Amino acid sequence: MNRIQFERRAVALASLLFIAQAQTLAQAQQSAPLAVLESVVVTGTAEQPESITKPFSVIGSDELNANGANTLGEALRYQPGVSATGFGPNSSRPIIRGQDSDRIKILRNSASVVDVSALSFDHALPLDPFALHQVEILRGPAALAYGGNAVGGVVNLVDQRIARTPVQGLQGEVNLLGGGAADQTAGGFKLDGGLRQGVSIHLDGFKRITRDLETPTFTDPDGVTGRRVQNSSSKSDGASIGASVQTGNGYIGVSAERYNNEYGVPKKLDVRIGMENERYALEGQQNMAGGFVDTVKYRFAKTDYQHQEFEDGKPATQFLNDGVDGRIELGLRPFELAGLSVSTQAGVQFERTDFSAIGDEAFVPNTSTDQTGLFSIFRASTGKANSGVFEFGVRAEQVDVNAATTGGSGVFGPVVGQGVAVNPGINRAFSPTSVSFGYTAPIGNGWSLGGSVSRVERAPSSFELYADGVHVATDAYEKGNPTLEEERGRHLELTSIWAQGQSKFNATAFASRYSNYIALIGRTGANSTFDEDGNPLTTEDIVPVFDFTAVPAEFQGVELGYETAYKLGSGQLKPAVQYDLVRGKRADGGGNLPRISPQRVVTSLAYSQQGWTVTPEIIWVDRSKAGTGDTTVDAYQLVNLRVGKSFSWGTTGGEVFANLQNLTDELAFSATTLNTVRGYTPLAGRSALVGVKLAF
């Protein structure tokens, strides 16, 4: 679809909203005053901040843009419990507590993101941090609300394209960035306007251009020495339009967006990716005046995603993934039971995706995936001050993963390398169920304690089932197993929080045990390699073979954080420190699991006075514990400094800032990056990024 067609659809979509709401507006003018909708956290289940069954973090847009990252993974890399896949600066997906790929659910305003980033490390997420209002990170098994493929956690991307509360007058902001390790030039804007009769309009857009990422001097595995990550430049842009209507007892809105990105793939110097993504969304909430149901929330979206891979400038493999998803949640009116006040949320979620790949890198066949889930969450308390809260939830799903064809390799036999379109198709159906129980209670003096236990099941993904071919990005032959069953895990989590004045401490300990954790494991012995050209006299085209295999596995970890504030002269000093540790290993004696983030400490000391803020930061990352087939990565330390000055001019305010990163120019590599590409993609070197934000 070209830009003109997109613009016409966007205008038509906004027009439909006003036509559909004409009668509702007439009724709303006679209704009660507008209800103020919650909240800071815009999750699908409206979780409250004190909920310990899903520990969370909220990152605002200023923090997202401050480091100049153009990927979600790099923007969140040092959040508690979060690391990044780091396949170069343009393709980096979040990893939470050692879980990546299909175990991390990426949401947009609590609706699913449809793309192919979970399929391969070189596939980027179709979004830019410029477009976001905030990011919510839910660590741990959030499967009851979002399904088994959220067992590692949820990253919810919140924008303001559909206004959930009335916009007053005209509001907006402009962000400009320049410099940094990628010598980027970037800018974005957001504009919100409130019209009559409760109508709000939103527009936003951005453009970003980066060069190859500059690093400390290093020598890659091919023997090339330099100070740039080769073929890591990018050009991206996007725009969106949104509209909503406040009905007097809620809201309803629509949005349309388009995102384009053209970027290089490190290590594969002849490969570039051209991505296009369009998404249309409908969202709303209605607060009911009476009856058994208190609130109704609904979210629906349609996504058309595609990217074309170019080799030496010529079109090669094309990936397409079209999807529709929806979510309806009912908040039932609280009731009394055995002296307890009980509130209930129940909902249904559905998602259908149609994936296809055409070309030499089509190592997964064309597949369609249908997923439907029913869930309910109960909360009970005495209703008295300082009383504890019980939480109980259950979810049942039906997942159908249908492949149009299958490859020629046997499930456990030799790899034949005939591609994924050799044999007839196969259909698999799964019925995963999940259950969770949690309790939290204040214990006095600012402390609260709690914990949760859960049992979660996840259906295997299409590539875990049906992959059968050479994956260029990993330099390996990846072989799925169509006989895989649901992945099953048991999880325990304990949390304590202390807050007093401007001081806050939190500590979380967690443990997970899987009876059949689906991992990509390299073969040994016979049939452990595959010769792409079939010529036994050469070795340059021989690649290792990896199988998606179910193994018993264990994860344990802790997350600690402390922050406070002191008055110092006429200013304020705010020290903060966080620590996280995760360990993942096979429970059958097979050693550590690959790409587990080492233990880390992040410290900062912000001083603010008369609009100035100076924040030095030190990030220490320990030496990694290598998994089978991986290598150990050395420890590193990064020293950063941010200086900002806020200002106001009439009704306009904002900030100018400089972000100085890796001041010691330390050469560092990420243990969570795939080992076959890690040596080509060190972290950014010493750099200076400058920016300005204007708000009105």
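Treat the numbers as computed from the prediction; the structure is a model and nothing was measured. Only this structure's heavy atoms are used, side chains among them; waters, hydrogens and symmetry mates stay out. One is the number of the first residue; the rest follow in order along the sequence.
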side-chain contact (heavy atoms from CB on, under 4.5 Å) partners of [X], counting only residues at least two apart:
{"X": "Ala396", "result": "Thr433"}
{"X": "Phe350", "result": "Phe300, Thr372"}
{"X": "Leu520", "result": "Glu478, Phe546, Phe548"}

Q: Would you indicate whether Arg333, at its atom CZ, is surrounded by more than 12 heavy atoms from other residues, nucleotides or ligands within a distance under 6.0 Å?
A: yes
With sequence neighbours left out, what residues match [X] under salt bridge (charged side-chain N to carboxylate O under 4.0 Å, His left out)?
{"X": "Asp547", "answer": "Arg523"}
{"X": "Asp115", "answer": "none"}
{"X": "Arg352", "answer": "Asp354, Asp370"}
{"X": "Arg428", "answer": "Glu485"}

With sequence neighbours left out, what residues match [X] under side-chain hydrogen bond (donor to acceptor under 3.5 Å, both in side chains)?
{"X": "Asp102", "result": "Arg458"}
{"X": "Lys479", "result": "none"}
{"X": "Asp400", "result": "Gln398"}

**Q.** Pairing residues for His491 by the ring pair (Phe, Tyr, Trp, His ring centres under 6.0 Å) criterion, not counting sequence neighbours
**A.** Tyr514
(Q) Restricting to ring pair (Phe, Tyr, Trp, His ring centres under 6.0 Å), what partner residues turn up for Phe335, sequence neighbours left out? (A) none
Q.
Taking the ring of Phe555 and the ring of Tyr517, is the distance between their centroids below 6.0 Å?
A. yes
Q) Is Val116 close to Phe355 at the side-chain level, that is, under 4.5 Å between some pair of heavy atoms? A) yes
Q | For Val293 against Leu330, the heavy-atom pair lying closest together | A | CG1-CD2, 4.4 Å
**Q.** Heavy-atom pair with the smallest gap, counting every atom of Ala553 and Leu593
**A.** CB-CD1, 4.1 Å
Q) Does the pair Ser112 and Lys105 meet the rule for a side chain to side chain contact (heavy atoms under 4.5 Å, CB included), with working shown? A) CA-CA 8 Å; Ser112 297; Lys105 190 72 171 178; 3.3 Å; yes
Q. Say you draw a straight line from CD1 of Ile518 to CD1 of Ile521; how long is it, rounded to the nearest 0.5 Å?
A. 11.0 Å
Q. How long is the gap from OG on Ser343 to CG on Leu332, to the nearest 0.5 Å?
A. 9.0 Å
Q. Does Arg97 pair with Glu493 as a salt bridge, N-O distance under 4.0 Å?
A. yes
